[in-house]
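Heads up, the thing below is written out as structure tokens.
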Amino acid sequence: MIQEELIRKLREKYGHGNVSPEHPIGSKNIDVVLKNGNEFIFYEIKISGSAKACIRDAIGQLMEYAYWPDRRNANLLVVVGEEAIDDKTAKYLQYLNNIFCLPIQYEQISID
């Protein structure tokens with residue numbers, strides 16, 4: 001349901017043809033890929049009890065999808081979860097961006 005809502009929102013904003021669910025990369029599938037001009041944004045959806053846990057569960061997959069084996073496949077990495085992000089977790093993501101130049105964000109999608 002989270003994936004369906006994310007796809008709906010992205011298609012509404014960027015157009016149907018720019019959003020690819022279960023996009024194949026090698027032998028794996030990325031939950032959602034958005035093509036925005038010449039840039040690609042990879043979305044990994046995780047269900048967990050906190051934004052921090054979602055990030056922990058998704059970061060390895062996103063890194064592999066984006067940089068395996070030795071090239072940059074995505075311009076931005078987005079972890080998607082149901083839980084709101086707290087201040088400490090937001091600071092953690094900012095730290096990863098600053099120290100490692102890792103373009104990663106968190107997006108909350110609530111399903112009522």
Side-chain angles (χ1 to χ4, degrees):
M1 289 177 15
I2 292 172
Q3 185 179 32
E4 290 171 5
E5 179 62 14
L6 174 63
I7 291 165
R8 185 195 66 73
K9 287 173 67 174
L10 292 173
R11 284 182 172 164
E12 185 175 282
K13 185 172 182 178
Y14 298 98
H16 190 274
N18 292 315
V19 179
S20 177
E22 297 301 326
H23 185 84
I25 186 164
S27 63
K28 304 188 185 318
N29 289 333
I30 305 168
D31 287 342
V32 178
V33 173
L34 170 65
K35 184 176 187 303
N36 187 16
N38 292 328
E39 295 188 344
F40 290 91
I41 302 171
F42 291 178
Y43 293 83
E44 183 63 30
I45 300 163
K46 293 297 179 188
I47 305 300
S48 206
S50 68
K52 178 184 173 188
C54 291
I55 292 164
R56 180 186 323 116
D57 292 345
I59 200 164
Q61 280 179 271
L62 284 169
M63 294 285 288
E64 181 180 335
Y65 298 156
Y67 303 113
W68 178 265
D70 61 355
R71 67 179 186 186
R72 184 176 183 174
N73 297 311
N75 302 89
L76 179 63
L77 311 174
V78 182
V79 178
V80 179
E82 281 189 281
E83 303 300 324
I85 193 166
D86 61 30
D87 289 339
K88 284 185 178 181
T89 305
K91 286 180 185 178
Y92 172 63
L93 285 181
Q94 187 62 47
Y95 186 77
L96 293 177
N97 276 279
N98 292 339
I99 297 300
F100 299 109
C101 298
L102 184 62
I104 189 165
Q105 296 178 357
Y106 180 83
E107 184 172 333
Q108 179 186 13
I109 301 278
S110 296
I111 303 297
D112 297 326

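Counting begins at 1 with the first residue of the sequence.
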Under 4.5 Å between side-chain heavy atoms, hopping through other hydrophobics if needed: is there a path connecting [X] to [Y]?
X    : Y   : result
Y65  : V32 : no
L77  : L96 : yes
I30  : M63 : yes
L62  : L10 : no
F100 : W68 : no

Do the side chains of [Y] and [X] get nearer than 4.5 Å, heavy atoms only?
X   : Y    : value
N97 : L102 : no
Y14 : L34  : yes
E64 : I25  : no
L93 : V79  : no

Completion exercise
Scanning both residues in full, the closest heavy-atom pair of I7 with P21 reads CD1-CB, 3.3 Å
Practice task
Could you tell me which non-hydrogen atom of R72 sits nearest to which non-hydrogen atom of A74, and how far apart they are?
Solution key: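 Heavy atoms of R72 and A74 come nearest at NE-O, 3.1 Å.
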Could you tell me the separation between the [atom1] atom of [X] and the [atom2] atom of [Y], rounded to the nearest 0.5 Å?
X    : Y    : atom1 : atom2 : value
I104 : I59  : CD1   : CD1   : 4.0 Å
E4   : L6   : CD    : CG    : 11.0 Å
K9   : E107 : NZ    : CD    : 5.0 Å
D86  : Y92  : CG    : OH    : 12.5 Å

More than 12 heavy atoms of other residues, nucleotides or ligands under 6.0 Å from [atom1] of [X]: yes or no?
X   : atom1 : answer
N98 : CG    : yes
E22 : CD    : yes
Y67 : OH    : yes

Exercise for the section: Verify, without hydrogens or angle tests, whether N36 (side chain) and E39 (backbone) share a donor-acceptor contact under 3.5 angstrom. Expected result: no
Problem - Sidechain-backbone polar pair: Q105 side chain, L76 backbone, donor-acceptor under 3.5 Å - result: no
Please report, to 0.1 Å, the donor-acceptor pairs under 3.5 Å made by any side chain of residues 40-55, with sequence neighbours excluded.
unit_1	atom_1	unit_2	atom_2	d
E44	OE2	Q61	NE2	3.3
K46	NZ	Q61	OE1	2.5
S50	OG	A53	N	3.0

Practice task
Please name all residues satisfying side chain to side chain contact (heavy atoms under 4.5 Å, CB included) with I111, sequence neighbours left out, ordered by chain then number.
Solution key: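 Here the qualifying residues are M1, I2, E5, E82, I109.
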